[in-house]
Amino acid sequence: MGRGHRAIFRMKKRYQPQDIEKKWTDWWEKRGYFSPQPSRRKATFSIVMPPPNITGSLHMGHAFDLTLQDILTRFKRMQGYETLWLPGTDHAGIATQNVVEKGLAKEGLSRQKLGREKFLERVWQWKEKYGERIFSQLRGLGASCSWKDKSFTMDKEHSAAVRKVFVQLYKEGYIYRGDYIINWCPRCETALSDIEVEYEEIKGKLYFIRYSFKEKKKEGKDYLVVATTRPETMLGDTAVAVNPGDERFKKLGKKYLILPLVGRELPLILDEYVDPEFGTGALKVTPAHDPNDFLMGKKHNLTFINVLNKDGTINEKGGIYQGLDRYECRRKLLADLKQQGYLEKVEDYTYRIGSCYRCQTPVEPYLSRQWFVRMKDLAREAIRLVKEKQVEFVPPHWKKNYLGWLENIHDWCISRQIWWGHQLPVWYCEDCGEPTVAEETPGSCSACGKIELKQDKDVLDTWFSSSLWPFTTLGWPKGGEKLEKFYPTSVLCTAWEILFFWVARMIMMGFKCTGKVPFYKVYIHPLIGDEKRQKMSKSKGNVIDPLKIMEDYGTDALRFSLVSPQSDSPYLPFSKDRVRGYRNFANKIWNASRFVLMNLEDFRPREKLEDLKSVRLSDKWILSRYSSLVKEVTSHLEHFKFSEAAHSLYQFIWGEFCDWYIELVKPRLSGKEGPSSRCTAQWILYYILKGTLKLLHPFMPFITEEIYQRLPEAGESIMLSAWPEKIGTGYFFPLPTGERKGVRGKAEEEMNLLIKLIQEVRTVRSEMMIPPSKKIDLWLRTSNEKNLDILKENKPEITNLVKAKKLAIDKDITKPALSTSSLVEDVEIFISLKGLIDLDKEKKRLRANLEKLDKDLSTSKKKLSNANFFKRAPSKIVEKEKEKKKTLIQTSERLKKRLEELK
RNA sequence: GCCCAGUUAGCUCAGUGGUUAGAGUGCUUGCUUGACAUGCAAGAGGUCGCUGGUUCAAGUCCAGCACUGGGCACCA
């Protein structure tokens, strides 16, 4: 890789990220920098990447999550840790199966037509194609993962580990099979766990239906009214329940009712569960299609009638409704009820409906035989580990959320009736039907010894394998150097969205399987929303593609804009404006570097400053500010304060290094102050630039490497260079011991006076409308000896930055005629106006400006008062116009005031 | 219903009990100043959600309330 400062001649005026990003990605990877390097510190730092699904393309969420991890990894690597960031992908059972099925549908095929084996071949083809695509996109993002260690949740080793854990948990009684009400997605045709169901409030109806008594009553009504939101489930009713304490029903005694349209006899049962206040106080009981009814069914020994097929249509138990879709059935059934006089009334009712988190189809509570993980004991340990701070949450408030979920946890349904995933390591005996659970295909039934066995067709919940991810990726259960060195991992970095899905389960399974926590810290970050903090989604059409942003503004700008806002709200706003701002920042860095390099042609880097006499106040100041920067960035990164670290860097680079130091140093670089002063300036510029690039590297890896490689004596890659240490005063200024103390504070205090003074003069210039091209005569007067010395010492700097042709500094100056005066601390400032402004000309100019403003103002007013404008223009534009109007009024008033003063 | 977070400039957000509450962006004015017009300089813009309390001192700590966002649990 060509390097050296001669490269400056090829530096364009504008930073063009597209030219260089790929070059560095390839180079870093070719040189093997991303894989663990033997470390001088011997301490290790490891992160396992939350594996992206193989279904998709890189989205903003990945970009954010991975940028944060990359920053941590690069930071720790530069600090000298032996660093491993482990990448991988997730097979994402249902999600991937759905995507592949959609593809098949376009070909007129279906998974059923293909058959399981052929279908799985197709999914593997998909994986080969798209699994790599996401990796290449991650590379483009600059992710410094150890690519050679990448893995996939359905790798051979990983699958073996999954089976091992399953068998172990089964043998220890944590995994069991049972008939329970689970959430069933009729579209995916599989069971879902509780957290795979998303609830949404909908405005629906509550239907009141008459159930007649079996025996006709002599007096009063001969029916009970029950209320339901899902009338079609009545086909599976096997009882009606009332609260035993409910006076209204006390006289009834033991009774039977007749299920309308079906004619089944339903016992009237008493159960405390029924809320007398709700509906009519009478509850239809459908034990096979409602979790609470299920419990009641168990308790009262009711019959369980499942009326639904797997695809959500009514089965043979539904009589004349057989074959209808559940909602179609609802309509028909309601019509029939109404016609036959069973429908008492219909009320509007708002309730929550659960949908499949993968396909948004409303789920049905469904009685079926599934496999579960008993969670209570596992959760207890996971609670303890966090309470004992063996695992810490950042920010800490997530801890409560985590604990709250674990304390009320239900058993985890882990079997899925899909094809893509880890098939259950369970075989059923064709003879006795007993399950045999084993890591490898068993030879015979463990119960009766017969050899005719068939493997369970179900696969495991995707999150089962994900929960093992931190240790299986490192070589568990075989063990080895990687596992020993890097497990437990240092940090887990992910969004709050998958705290329960993934983080909590990793802690439970990690501890269960390895006896250790899977990670010491969990950094939970927000999700990336759009400008209005709305979740990005295809249906809303507000998705911003990070790849497009990278192309338009550069990857460094994207990374910086993702990391830069900090908020505890669940969604961070993302806007192109912000990225554009950081693209400009990258350009600023580029040009500042270009400037430094242009002035470093004859410079040879040396260990220390040689000529201390030519060190000026501005030098001490910038070194002091830089020293603070090192401290801040380091500390912020240690505490996951990414945005604060980014902010410190932005502020220092733009607001201090560029705006002040570079400007202050220009005359010295031109040689006006002598060769020695120039040399010192070069040394400081080089030193600060090099250090700042390093501090910035984790955030903006590409531009920093590009510039770093152009520095004289750059060394190897910036990503392997040592993280800057905070500098001591003695290191730079080997002054006599007595003078070292407080040198930084003093330099900053003195420099602040100069800055304030220069700003004040500029303000006056601007207010007096003195053209920037005109040089001024300036008098500074103070009786404060200390300040007088500072001013005198820094006369060249002041002269240059306020554009003065004459600068007089003394404690005894008479105020010049026709001048303005102002005050900074105890320094009086006089600027001669003589010859600077032609009074008549100035008045003319003010009047002209006022006229223009008036014109703009009336246009603006007209616009705003125009009803059409309000109607047609987006509110954003109206707001902007209002603001413009406000500013116009203010400016015009200021000008009027100036005009008055000139008279 | 329970839990969490938030409420600060037009917008998006920082702010660690202590001078005059900051940044980016937007807006206004001026400027081809020698690295950068993706720039420079200057300016305008604030009831720190409301009400109390603690304190010499509160945007910051405490309590209550209001509103916004999110999560969890639910009665058919």
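Proteins get letters first, then strands, A, B, ... in listed order; numbering begins at 1 in each.
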Centroid separation Phe642(A) to Tyr523(A) less than 6.0 Å: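 Ring centroids of Phe642(A) and Tyr523(A) are less than 6.0 Å from each other.
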Results of side chain to side chain contact (heavy atoms under 4.5 Å, CB included) for Asp194(A) - residues two or more places apart only: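 By the side chain to side chain contact (heavy atoms under 4.5 Å, CB included) rule, Asp194(A) matches Asn183(A), His410(A).
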Side chain to side chain contact (heavy atoms under 4.5 Å, CB included) partners for Asp237(A), two or more places apart: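 Listed in chain order: Tyr211(A), Met234(A), Leu259(A), Leu266(A), Lys284(A), Thr286(A).
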Which side-chain N or O atoms in residues 754-764 of chain A pair as donor and acceptor under 3.5 Å with protein atoms at least two apart or in another chain?
| residue | atom | partner | partner atom | Å |
| --- | --- | --- | --- | --- |
| Lys756(A) | NZ | Glu825(A) | OE2 | 3.2 |
| Glu760(A) | OE2 | Ser822(A) | OG | 3.3 |
| Thr763(A) | OG1 | Gln759(A) | O | 2.7 |

Please measure how far the [atom1] atom in [N] lies from the corresponding atom in [M], and state the result in whole Å.
N      : M      : atom1 : result
G59(B) : A9(B)  : C1'   : 14 Å
G17(B) : A42(B) : C1'   : 34 Å
G10(B) : U33(B) : C1'   : 32 Å
C67(B) : C50(B) : C1'   : 10 Å
A37(B) : U25(B) : P     : 16 Å
G1(B)  : C61(B) : C1'   : 29 Å
U19(B) : G6(B)  : P     : 23 Å
U12(B) : G45(B) : C1'   : 16 Å

Range-with-range stems for RNA chain B, at least three Watson-Crick or G-U pairs under 3.5 Å: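 When the pairs of RNA chain B are grouped into runs of at least three, the stems are B:1-7 with B:66-72, B:10-13 with B:22-25, B:27-31 with B:39-43, B:49-53 with B:61-65.
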Give me the distances for all protein-to-nucleotides 2-4 of chain B N/O pairs that come in under 3.5 Å?
| residue | atom | partner | partner atom | Å |
| --- | --- | --- | --- | --- |
| C4(B) | OP1 | Lys400(A) | NZ | 2.6 |

Student check: side-chain heavy atoms of [X] and [Y] closer than 4.5 Å:
X         : Y         : value
Leu664(A) : Ile622(A) : no
Leu406(A) : Val386(A) : no
Leu224(A) : Thr280(A) : no

In whole angstrom, what separates [X]'s [atom1] from [N]'s [atom2]?
X         : N      : atom1 : atom2 : answer
Tyr357(A) : C72(B) : OH    : P     : 13 Å
His636(A) : U16(B) : NE2   : P     : 10 Å
Arg762(A) : A42(B) : CZ    : P     : 5 Å
Trp660(A) : G39(B) : CH2   : P     : 18 Å
Asp293(A) : C74(B) : CG    : P     : 14 Å
Lys399(A) : C72(B) : NZ    : P     : 21 Å
Leu572(A) : G69(B) : CG    : P     : 17 Å
Glu644(A) : U16(B) : CD    : C1'   : 9 Å

For Lys345(A), side chain to side chain donor-acceptor pair (under 3.5 Å) partners two or more places apart: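 Expected list: Glu347(A).
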Partner set under side chain to side chain donor-acceptor pair (under 3.5 Å) for Arg578(A), not counting sequence neighbours: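 Arg578(A) satisfies side chain to side chain donor-acceptor pair (under 3.5 Å) with no residue once adjacent residues are dropped.
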Touch class at under 4.0 angstrom, heavy-atom based, for Phe560(A) against every strand present: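 No contact.
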Thr763(A) side chain near G43(B) phosphate (N/O to OP1/OP2, under 4.0 Å):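 Checking G43(B) against Thr763(A), a side-chain N or O does come within under 4.0 Å of OP1 or OP2.
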Can you check nucleotides 33-38 of chain B for protein contacts, nitrogen or oxygen pairs under 3.5 Å, and list what you find?
| residue | atom | partner | partner atom | Å |
| --- | --- | --- | --- | --- |
| A35(B) | O3' | Arg594(A) | NH2 | 3.2 |
| A35(B) | O2' | Asn591(A) | OD1 | 2.6 |
| A35(B) | O2' | Arg594(A) | NE | 3.4 |
| A35(B) | O2' | Arg594(A) | NH2 | 2.7 |
| A35(B) | N7 | Lys666(A) | NZ | 3.4 |
| A35(B) | N6 | Glu663(A) | OE2 | 3.0 |
| A35(B) | N3 | Asn591(A) | O | 3.2 |
| A35(B) | N3 | Ala592(A) | N | 3.2 |
| C36(B) | OP1 | Lys13(A) | NZ | 3.3 |
| C36(B) | O4' | Asn591(A) | OD1 | 3.0 |
| C36(B) | O4' | Asn591(A) | ND2 | 3.4 |
| C36(B) | O2' | Asn587(A) | ND2 | 3.1 |
| C36(B) | O2 | Lys588(A) | NZ | 3.1 |
| C36(B) | N3 | Lys588(A) | NZ | 2.7 |
| U38(B) | OP1 | Arg14(A) | NH2 | 2.4 |
| U38(B) | O4' | Asn584(A) | OD1 | 3.1 |
| U38(B) | O2' | Asn587(A) | ND2 | 2.6 |
| U38(B) | O2 | Arg583(A) | NE | 3.1 |
| U38(B) | O2 | Asn584(A) | OD1 | 3.3 |
| U38(B) | O4 | Arg14(A) | NH1 | 3.1 |

Residue Leu283(A), side-chain heavy atoms: nucleotide from A76(B), G69(B), A23(B) that is nearest: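 Closest nucleotide among those given: A76(B).
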Shortest side-chain distance from Arg578(A), nucleotide among A76(B), A42(B), U12(B):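 Per side-chain heavy atoms of Arg578(A), the pick is U12(B).
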5' precedence on RNA chain B between Pro291(A) and Gln651(A) (nearest-nucleotide basis):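 Its nearest nucleotide being more 5', the pick is Gln651(A).
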First encountered from the 5' end of RNA chain B, between Pro276(A) and Ile758(A):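 Residue closer to the 5' terminus by nearest nucleotide: Ile758(A).
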Sequence neighbours excluded - salt bridge (Lys or Arg N to Asp or Glu O under 4.0 Å) pairs with any residue from residues 647-665 of chain A: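 Found Arg625(A)-Glu656(A), Glu663(A)-Lys666(A).
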Partners passing ring-ring contact (aromatic ring centres under 6.0 Å, His included) against Tyr273(A) (at least two apart in sequence or in another chain):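 Tyr273(A) satisfies ring-ring contact (aromatic ring centres under 6.0 Å, His included) with no other residue.
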Sequence neighbours excluded - side chain to side chain donor-acceptor pair (under 3.5 Å) pairs with any residue from residues 394-406 of chain A: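 Qualifying pairs, neighbours excluded: none.
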Please list every donor-acceptor pair under 3.5 Å in which a side-chain atom of residues 195-208 of chain A meets a protein atom from a residue at least two apart or in another chain.
| residue | atom | partner | partner atom | Å |
| --- | --- | --- | --- | --- |
| Glu196(A) | OE1 | Ser193(A) | N | 2.8 |
| Glu196(A) | OE1 | Ser193(A) | OG | 3.1 |
| Glu196(A) | OE1 | Arg416(A) | NE | 3.3 |
| Glu196(A) | OE1 | Arg416(A) | NH2 | 2.5 |
| Glu196(A) | OE2 | Tyr357(A) | OH | 3.0 |
| Lys205(A) | NZ | Asp348(A) | OD1 | 2.6 |

